[in-house]
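As a basis for the values below, the full set of heavy atoms in this structure was taken, side chains included, without hydrogen atoms, waters or symmetry mates. Residue numbers count from 1 along this sequence.
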Amino acid sequence: MKLLPIAKLPRARVDYHRKQKGRTMNAKNLALWISLFIIALFAGLSVTQAQTGTKADVVATITNLENDGVKADLAGDTAFYQKALAEDWTRGDSDGTFYTKAEVMKLMADAKDFKTNSEELSELKVRVYGNTAVATYKDTYDILFKGEHRAHTIIATDTFVKMGGEWKQVASHGASVAK
């Protein structure tokens, strides 16, 4: 049996083997790309689910802080605010005044000048932006403030930032609701 050198094989047969090898490579590449796409798709879904879980956890935490704030107001609990407010916290009040944390802590310490008789939050919504969260709500309250009786419904916005693993309120603003 005499073997023909590859140069002597008919051209069609050499081209056929090259095409078959190319098809195998293309099929392998296609399978590889499909596998990578599926892995990326599942990884993306996992990240999305993890982020959604984290976002839901933050919403729950901020919601709890807002509700705990109402409980603290009713109990005259300054310790809650000492912990929950950032040191440089400010509040723009519906009376047109800005208050600092130190000023509010001083006001709350004197029960004859500051007392919450009733308070209820409604329409609470929390939006999360990474390490920042914004809560908006309506607050209907009856309080004694600087010796003056106030019964109002306001709309409010509270801004929280995660600091050292804890959520701190950094700013608050309230505005009277039109009647």
Measuring from [X]:[atom1] to [Y]:[atom2], what's the distance to the nearest 0.5 Å?
X	Y	atom1	atom2	result
Lys106	Thr78	NZ	OG1	14.5 Å
Asp139	Ser94	CG	OG	9.5 Å
His152	Asp95	NE2	CG	8.5 Å
Thr61	Glu166	OG1	CD	11.0 Å

Would [X] and [Y] show up in the same hydrophobic cluster when neighbours are defined by side-chain heavy atoms closer than 4.5 Å?
X	Y	answer
Leu74	Leu124	yes
Ile143	Val104	yes
Met108	Phe80	yes
Leu65	Tyr129	no
Tyr99	Leu85	yes

### Message
Heavy-atom count check: over 12 atoms from other residues, nucleotides or ligands less than 6.0 Å from Glu120 CD?
### Response
no
### Query
Can you check side-chain hydrogen bond (donor to acceptor under 3.5 Å, both in side chains) on Tyr141 and Asp73, steps first, answer last?
CA-CA 10 Å; Tyr141 59 83; Asp73 289 345; over 6 Å; no
### Query
Can Glu87 and Lys168 be counted as an ion pair, charged N to O under 4.0 angstrom?
no
### Message
Pair Arg150, Asp93 - check salt bridge (charged side-chain N to carboxylate O under 4.0 Å, His left out), show working.
### Response
CA-CA 13 Å; Arg150 291 185 183 179; Asp93 206 23; 3.5 Å; yes
Minimum side-chain heavy-atom gap [X]-[Y] below 4.5 Å:
X	Y	result
Thr132	Thr159	yes
Phe114	Thr116	yes
Arg127	Thr136	yes
Leu107	Met105	no

Look only at the side chain of [X] and the backbone of [Y], and say whether a donor-acceptor pair between them is shorter than 3.5 Å.
X	Y	answer
Glu148	Phe145	no
Lys101	Gln82	yes
Thr63	Val59	yes
Lys125	Val134	no
Tyr81	Gly69	yes

### Query
Can you check side-chain contact (heavy atoms from CB on, under 4.5 Å) on Leu121 and Asn67, steps first, answer last?
CA-CA 8 Å; Leu121 300 185; Asn67 289 319; 4.2 Å; yes
Give the minimum heavy-atom separation between [X] and [Y], together with the two atoms involved.
X	Y	value
Ala133	Val58	CB-CG1, 4.3 Å
Arg91	Gly174	NH2-CA, 3.6 Å
Ser172	Trp89	CB-NE1, 3.9 Å
Ala135	Ile62	CB-CG2, 4.0 Å

### Task
Check each of Glu66, Glu119, Glu123 against Lys138 using the salt bridge (Lys or Arg N to Asp or Glu O under 4.0 Å) test, and report the only one that passes.
Glu123
### Task
Start with the C-alpha gap between Asp142 and His149, add the side-chain angles, then the distance that decides, and say whether side-chain hydrogen bond (donor to acceptor under 3.5 Å, both in side chains) holds.
CA-CA 7 Å; Asp142 181 324; His149 179 253; 2.8 Å; yes
